[in-house]
Amino acid sequence: MLPRGRPRALGAAALLLLLLLIGFFLFGGDLEYVRPRGAAALDGDPPADRGGHNLSDCVPPRPLPPKCELLHVAIVCAGHNSSRDLNTLVKSVLFYRKNPLHFHLVTDAVARNILEMLFHTWMVPAVGPQVSWIPNKHYSGLYGLMKLVLPGALPPDLARVIVLDTDVTFASDIAELWALFAHFSGVILLRLDRLRQAGWGQMWKLTATRELLTLPATSLADQDIFNAVIKEHPGLVQPLPCVWNVQLSDHTLAERCYSEASDLKVIHWNSPKKLRVKNKHVEYFRNLYLTFLEYDGNLLRRELFGCPSPPPPGTEQLQRALAQLDEEDACFEFRQQQLTVHRVHISFLPHEPLPPRPHDVTLVAQLSMDRLQMLEALCRHWPGPMSLALYLTDAEAQQFLRFVEASAVLSARQDVAYHVVYREGPLYPVNELRNVALAQALTPYVFLSDIDFLPAYSLYDYLRASIEQLKLDSERKVALVVPAFETLHYRFSFPSSKAELLALLDSGSLYTFRYHEWPQGHAPTDYARWREAQTPYRVQWAADYEPYVVVPRDCPRYDPRFVGFGWNKVAHIVELDAQEYELLVLPEAFTIHLPHAPSLDISRFRSSPAYRDCLQALKDEFHQDLSRHYGAAALKYLTALQQPPGPA
């Protein structure tokens, strides 16, 4: 006998399949049965189905649906963590599927924001354009009860749908599950509109009202209501074979199912412990789950041959552009990288921004796996909000998740938004990453930084105070320059004030940034004047100038054509100047670059003349576009063409 506790329906939490067969609910369940309140006969031997078969018996294979039949899948998803789980679930479904899919996603605002971006950038054929977003107008966001109202929330013309929890993993083609509903033995499949006509909404509400008399409202979940309805209307239930819901909870009897079955279909991690559940075979199931957790989602962008369907938005134009590329072109890698559409998972971790404050500033930066070690120090130096884009593989994203969970410093920060851009292609898409992070900033102003810089401890408060004192607003085009310095020492005492910084500068422990490699990049900041300055001062744009700046959030975006190393920030400052942004240097602000091993892209820039030639070609194209957009006003930038492209 299983321990008493909160009842769970027969697999309803995992596979609530709202498909009615002559009034039957179909539930996927393993051999874990928990007694509904008042029921007397669910302990002991597993019940037989209506044909007299044990649920673990083999089920004759059913003909699969036609190759191009559209299958409908509904998923309720709320919050950051469920959005990550849904990503893994969808990968397992896509891996095996052979049919077009239409996802009906019932989400809160957080999950919709995340998943809209993910599906839009994933661009999976026969899925991308087939996503419906179902607004939640029920129960003030109580998503634990949303499955109860799906017949009213889903489109009224929808005939049948498979409803999944986010914590299941498919190990087979979802069409096999669809086939069970389409060809269930001797029973006619009724449609969801018939369920609506049968008064399902009134039925469960009356049951819920009675349940509330004995169950605290805070504990009420859909499973309790389903159990109670099943108790009163046992003819509603038709169990599915247990292989369609192998539940992995501490007290599951699922072993009776998977020890006899030859082919498991769906694994359900329905324990709060998830992968740490107590099960002697958990390693086998964990490896199956990890396969899809870390699987490269880019590989699932495969077509369904012989099933014509509208391509994801932008696909045809992208394919035409790719077809025009010449693989013999020395700059083919650059051209191909510019056309790559990266999957983007914004707000990868829970993010709870503080209430908006006037003049607030978000630090914006990007990084890859080899710069994770910078995050803790950055959090100590910058107490304000941050928006960071990370360029990772699917497997690296999970390593990053564990890295944050293991860090007391990082896990304590709820105002840092991490956005994963999944890696694809040979070159680092630095400006696309910056644009992703910039687009997700929520404050009126942004500090456009790089991950290998540590700002002064006081910089966050100082920037907010400066914006207020200068009476800036988001309509005024001003870029506040934060002077940049660097140290060549891996360990050094970080200055707590401008006076301490100047002392380190005079002693040779600090330098103005890249003065020995690329002096024109920061020379216009006029460091000599900054040493004595007491108030902000204006500087003029000059060729190859690339300061770190604070600008309004709606500033021009970075030019994504610049990938790899070279001229990516320079081009952005050119754009700011072309749009007549005023450059003001702040007298007490500073940020310091820390040493690190060179990236692959900078190594290629330094060693490959062909790499530098391709960068020069991008620079030429940028200036041509600048001239077309700004006309004669862009002539002053042409002088920059006379010099080789710079390091950033």
Side-chain angles (χ1 to χ4, degrees), residues 365-368 370-371 373-374 377-378 381 428 430 448-456 459 481-495 497-533 537 539-549 562 564-574 583 585-587 589-609 611-613 615-616 619 639-648:
Q366 41 71 38
L367 66 151
S368 52
D370 59 346
R371 298 289 187 266
Q373 73 276 6
M374 294 295 302
L378 183 59
H381 278 250
Y428 189 72
V430 55
L448 305 179
S449 186
D450 276 333
I451 197 63
D452 43 11
F453 277 83
L454 288 181
L459 185 61
V481 175
V482 176
F485 299 84
E486 68 175 325
T487 178
L488 303 181
H489 303 290
Y490 282 87
R491 298 175 65 106
F492 87 112
S493 178
F494 198 94
S497 65
K498 179 178 179 178
E500 288 187 15
L501 181 141
L502 292 176
L504 292 172
L505 195 65
D506 292 338
S507 68
S509 297
L510 282 181
Y511 307 91
T512 56
F513 185 55
R514 292 291 187 261
Y515 82 98
H516 57 301
E517 291 181 347
W518 186 246
Q520 60 267 47
H522 293 266
T525 298
D526 194 349
Y527 288 95
R529 183 177 179 182
W530 182 81
R531 293 181 68 104
E532 308 298 331
Y537 59 92
V539 295
Q540 299 297 320
W541 175 88
D544 299 318
Y545 192 30
E546 51 174 0
Y548 292 94
V549 295
F562 291 101
F565 182 83
W567 234 69
N568 42 74
K569 290 198 306 292
V570 173
H572 188 245
I573 298 299
V574 168
L583 296 168
V585 180
L586 295 176
F590 62 87
T591 186
I592 300 177
H593 178 267
L594 300 185
H596 55 75
S599 66
L600 175 62
D601 286 300
I602 193 173
S603 298
R604 293 182 64 185
F605 171 84
R606 291 170 175 170
S607 63
S608 171
Y611 189 103
R612 295 192 293 272
D613 289 343
L615 183 56
Q616 183 64 49
K619 182 178 174 183
T639 57
L641 285 171
Q642 308 304 316
Q643 301 182 32

**Q** For the residue pair W567 and F562, categorise the inter-ring angle as parallel (less than 30°), tilted (30 to 60°) or perpendicular (more than 60°).
**A**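 Tilted.
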
**Q** Hey, could you give me the CD/CG distance between E486 and L594, rounded to the nearest 0.5 Å?
**A**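 The CG atom of L594 is 10.0 Å from CD of E486, to the nearest 0.5 Å.
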
**Q** With heavy-atom distances below 4.5 Å as the criterion, would you say the side chains of H516 and Y511 are in contact?
**A**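 Of all side-chain heavy-atom pairs linking Y511 with H516, none is under 4.5 Å.
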
**Q** With the threshold set at 4.0 Å, does a side-chain nitrogen-carboxylate oxygen contact exist between D506 and R531?
**A**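 So D506 pairs with R531 through a salt bridge.
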
**Q** On the 0 to 90° scale, with breaks at 30° and 60°, tag the F492-F494 ring pair as parallel, tilted or perpendicular.
**A**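 Judged by the thresholds at 30° and 60°, the geometry between F492 and F494 is tilted.
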
**Q** What is the distance from atom CD1 of I573 to atom CG of L583, rounded to the nearest 0.5 Å?
**A**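 Interatomic distance, I573 CD1 to L583 CG, rounded to 0.5 Å: 7.0 Å.
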
**Q** Say whether, by atom type as modelled, one donor and one acceptor occur between the side chain of Y537 and the main chain of R529 under 3.5 angstrom.
**A**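 Such a contact is absent between Y537 side chain and R529 backbone.
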
**Q** Hey, could you give me the CE/NE2 distance between M374 and H596, rounded to the nearest 0.5 Å?
**A**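 Atom-to-atom, M374:CE and H596:NE2 are 8.0 Å apart.
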
**Q** Please determine which of F485, F453, F590, W518 meets the ring pair (Phe, Tyr, Trp, His ring centres under 6.0 Å) test together with F513.
**A**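 Passing option: F453.
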
**Q** Please name the pair of heavy atoms, one in I451 and one in L378, separated by the smallest distance, quoted to 0.1 Å.
**A**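 The answer is CD1-CD2, 3.7 Å.
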
**Q** Is there a side-chain contact between P595 and D452 in this structure, where contact means two heavy atoms from C-beta onward sitting under 4.5 Å apart?
**A**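 The answer is no; the side chains never approach within 4.5 Å.
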
**Q** Could you give the distance from CG (L459) to NE2 (H381), rounded to the nearest 0.5 Å?
**A**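 That separation rounds to 11.0 Å.
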
**Q** Considering all heavy atoms of both residues, which atom of A533 and which atom of P587 are nearest to each other, and what is their separation?
**A**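 Closest approach of A533 to P587, heavy atoms only: O-CB, 3.6 Å.
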
**Q** Quick test of your reading: applying salt bridge (Lys or Arg N to Asp or Glu O under 4.0 Å), list the pairs with at least one residue in residues 592-608, sequence neighbours left out, ordered by first then second residue.
**A**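 Salt bridge (Lys or Arg N to Asp or Glu O under 4.0 Å) check on residues 592-608 returns E333-R604, E517-R606.
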
**Q** Nearest 0.5 angstrom please: K569 NZ to L448 CG, how far?
**A**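 One gets 10.5 Å once the value is rounded to the nearest 0.5 Å.
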
**Q** Within the 4.5 Å heavy-atom criterion, are V481 and Y545 side-chain neighbours or not?
**A**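 V481 vs Y545: side chains touch.
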
**Q** So do V585 and P547 actually touch side chain to side chain, heavy atoms under 4.5 Å?
**A**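 SC-SC contact between P547 and V585 ruled out.
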
**Q** Are any of the side-chain heavy atoms of T487 and S509 separated by less than 4.5 Å?
**A**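 No, every pair of side-chain atoms sits at 4.5 Å or beyond.
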
**Q** With the side chain counted from C-beta on, respond yes when F565 and Y428 share a heavy-atom pair under 4.5 Å apart, and no when they do not.
**A**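 SC-SC contact between F565 and Y428 ruled out.
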
**Q** State, to 0.1 Å, how close D370 and S368 come at their nearest heavy-atom pair, and which atoms those are.
**A**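 So the two residues come closest at OD1-OG, 2.5 Å.
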
**Q** How close do V539 and P524 get, heavy atom to heavy atom, and via which atoms?
**A**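 For V539 and P524, the tightest heavy-atom pair comes out as CG1-O, 3.4 Å.
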
**Q** If the test is side chain to side chain contact (heavy atoms under 4.5 Å, CB included), which one of K619, E546, Q520 qualifies with V570?
**A**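 Of K619, E546, Q520, side chain to side chain contact (heavy atoms under 4.5 Å, CB included) with V570 is met by E546 alone.
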
**Q** Can you find a heavy atom in the side chain of L505 that is under 4.5 Å from one in the side chain of Y527?
**A**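 Side-chain contact under 4.5 Å: no.
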
**Q** Shortest non-hydrogen contact from W530 to P483?
**A**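 Answer, listing the atom of W530 first, then P483: NE1-CG, 3.4 Å.
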
**Q** So, taking the atom named OG1 in T525 and the one named CG in L586, what distance separates them when rounded to the nearest 0.5 Å?
**A**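 If we round to the nearest 0.5 Å, T525:OG1 and L586:CG are 11.0 Å apart.
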
**Q** Nearest heavy-atom pair of A589 and V482: which atoms, and what distance?
**A**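 Taking A589 first and V482 second, the nearest heavy atoms are CB-CG1, 4.1 Å.
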
